[in-house]
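Reviewing the structure listed below.
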Amino acid sequence: MQVGRRSSCWRQLQASFFRLLCLIPTGFPVRSVDMQRATDNITIRQGDTAVIRCFVDDKVSKVAWLNRSNIIFTGQDKWSLDPRVDLVTKGQLEYSLRIQKVNVYDEGSYTCSIQTKQKPKSSQVFLVVQVPANIYEVSEDINVNEGSNVTLSCLASGRPDPAITWRLLSPSAEPLDGEEYLDITGIMRNQAGRYECKASNGVAVPDVKYVNVVVNYPPAIQRAQSTESQVGRMGILQCDATAVPTPEFEWYRDDMRISSGQGINIQTLGTSSVMTIANVTQEDYGNYTCVATNRLGIQSGSLFLYRPGTGRDISGSACVVHSLWLLFSCIVCLFYKC
């Protein structure tokens with residue numbers, strides 16, 4: 001019963017419209033219809049100009065354009081107040097609707113309605129408006145400790161809905177398993193770097209944003225370079241460590257901290273520290289300890305200054321020192337700025 005009422009209402013609405021159409025003055029040449037098929041869709045990108053075409057010949061008495069239930073044009077008379085909308089009437093065979101600077105609110109059904117001597121005709125076209133992908137929210141650059149759980153977000157809009165992909169640009173830039181949210185469980189130091197979020201929907205060039213991720217971790221001695229030198233010559237000992245934040249270095253000899261002065265010079269550049277003895281004496285031979293520290297931890301390495309010809313191993317391999325007293329003294333120095 002409800003379906004019958006709806007059909008009756010629809011027929012009444014159509015009859016009312018065509019009665020109105022018959023009252024419209026003949027302001028357009030009389031032509032019949034040759035239009036797009038009722039199933040046609042027009043796809044247009046936001047900001048472009050859409051032309052919805054309708055062609056007529058001399059069998060037409062009245063013609064109009066409608067958007068949903070709103071009349072846009074009747075003949076040459078414009079009923080719409082939108083300045084972006086006008087008619088394209090090349091010669092006397094075309095009665096097309098033009099919409100400039102299309103936006104998403106223009107999407108919908110458009111009807112070219114014809115009144116002929118035989119019976120009314122209409123052609124319906126659906127205008128589909130596409131919008132380029134746009135990333136409107138992305139995570140800020142972050143600084144986290146190794147082992148933390150990290151979630152990066154990248155939210156985008158567009159029509160159709162954009163696909164979102166992630167990459168860590170260094171070293172391989174391979175795609176990561178994530179969409180709007182990228183979850184990293186127990187992040188490691190090799191996962192630090194610049195993350196790329198890309199949103200694409202095929203409408204225009206993909207939108208791309210970046211997030212820089214810094215991963216903090218305690219020092220690790222990579223090289224403790226032992227060396228040999230003759231008495232009276234210069235002796236050089238080098239210690240390299242990796243750490244974020246950049247580590248601070250201290251040097252020890254027999255648990256006594258060494259400072260620059262009296263022929264000894266200590267220079268630290270980034271993650272490398274070099275101790276230079278200007279004039280090696282017999283007492284300078286022996287074991288030295290390099291200690292690297294940052295706010296996350298501490299590690300030390302043992303190295304040696306040898307007399308030439310003693311046959312000692314100076315390959316430079318690091319030896320981690322586990323002296324509790326030495327570690328404790330280093331931590332005390334950090335707090336009291338020894």
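It should be emphasised that the depicted structure is a prediction, and the values quoted were computed from it without experimental measurement.
- Smallest separation of non-hydrogen atoms from Thr74 and Tyr95: C-OH, 3.9 Å.
- Ser229 contributes a side-chain N or O that, together with a main-chain N or O of Met234, makes up a donor-acceptor pair within less than 3.5 Å.
- Side-chain contact check for Glu94 and Thr89: no donor-acceptor pair (N or O, by modelled atom type) lies under 3.5 Å.
- One N or O on the side chain of Ser260 and one on the backbone of Ile266 form a donor-acceptor pair closer than 3.5 Å.
- Using modelled atom types and a 3.5 Å distance limit, the side chains of Asp48 and Gln46 yield no donor-acceptor pair.
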Check: residues 157-167 side-chain donor-acceptor pairs under 3.5 Å, at least two apart:
| from | atom 1 | to | atom 2 | distance (Å) |
| --- | --- | --- | --- | --- |
| Arg159 | NH2 | Glu107 | OE1 | 2.9 |
| Arg159 | NH2 | Glu107 | OE2 | 2.4 |
| Trp166 | NE1 | Glu179 | O | 2.6 |
| Arg167 | NE | Glu196 | OE1 | 2.9 |
| Arg167 | NH2 | Glu196 | OE1 | 3.1 |
| Arg167 | NH2 | Glu196 | OE2 | 3.1 |

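- A side-chain donor-acceptor contact under 3.5 Å links Ser153 and Ser139.
- In this structure, a donor-acceptor pair under 3.5 Å is absent between the side chains of Thr246 and Asn294.
- No side-chain donor-acceptor contact under 3.5 Å links Asn145 and Ser148.
- Grouping the Ile, Leu, Val, Met, Phe, Trp and Tyr side chains by contacts below 4.5 angstrom, directly or via other members, places Val104 apart from Val203.
- Rounding to the nearest 0.5 angstrom, the gap separating the CG atom in Leu97 from the CG atom in Asn67 is 8.5 Å.
- Under a 3.5 Å cut-off, the side chain of Asp207 and the backbone N or O of Ile135 do form a donor-acceptor pair.
- Atom CG in Leu305 sits 9.0 Å away from atom OG in Ser226 (nearest 0.5 Å).
- Atoms CG and CD1, on Asn265 and Ile236 in that order, are 10.5 Å from each other to the nearest 0.5 Å.
- Between the side chain of Ser273 and the main chain of Thr268, no donor-acceptor pair closer than 3.5 Å is present.
- Counting heavy atoms from C-beta outward, Asp240 and Phe249 have side chains that stay 4.5 Å or more apart.
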Please lay out, stage by stage, how Val244 and Val215 fare under the test side-chain contact (heavy atoms from CB on, under 4.5 Å). CA-CA 7 Å; Val244 177; Val215 178; over 6 Å; no

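- Looking at Thr49 and Val102, their side chains never come closer than 4.5 Å, going by heavy atoms from C-beta outward.
- With hydrogens and angles disregarded, a donor-acceptor distance shorter than 3.5 Å links the side chain of Asp141 to the backbone of Asn212.
- To the nearest 0.5 angstrom, Ile42 atom CD1 is 11.5 Å from Phe126 atom CZ.
- Residues Asp183 and Asn149 have side chains that never bring a donor and an acceptor to within less than 3.5 angstrom of each other.
- Counting heavy atoms of neighbouring residues, nucleotides and ligands inside a 6.0 Å radius, atom CZ of Arg189 exceeds 12 of them.
- Distance alone, capped at 3.5 Å, places no donor-acceptor pair between the Ser200 side chain and the Gly202 backbone.
- Residues Phe73 and Leu87 form a side-chain contact, since some pair of their non-hydrogen atoms from C-beta on lies under 4.5 Å apart.
- The shortest distance between side-chain heavy atoms of Ile258 and Tyr288 falls below 4.5 Å.
- Between Lys62 atom NZ and Ser113 atom OG the span is 12.5 Å, to the nearest 0.5 Å.
- Between the side chain of Thr227 and the main chain of Leu237, no donor-acceptor pair closer than 3.5 Å is present.
- Checked against Asp106 for a salt bridge (Lys or Arg N to Asp or Glu O under 4.0 Å), the options Arg84, Lys101, Arg98 give a single hit: Arg84.
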Under the side-chain contact (heavy atoms from CB on, under 4.5 Å) criterion, do Tyr195 and Leu152 qualify, and how do the steps go? CA-CA 9 Å; Tyr195 284 77; Leu152 303 181; 3.9 Å; yes

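- Atom CD of Gln222 and atom OG1 of Thr271 lie 9.0 Å apart (nearest 0.5 Å).
- Within 6.0 Å of CD on Gln267 lie no more than 12 heavy atoms contributed by other residues, nucleotides or ligands.
- Side-chain contact, Thr289 with Trp251: no donor N or O sits under 3.5 Å from an acceptor N or O.
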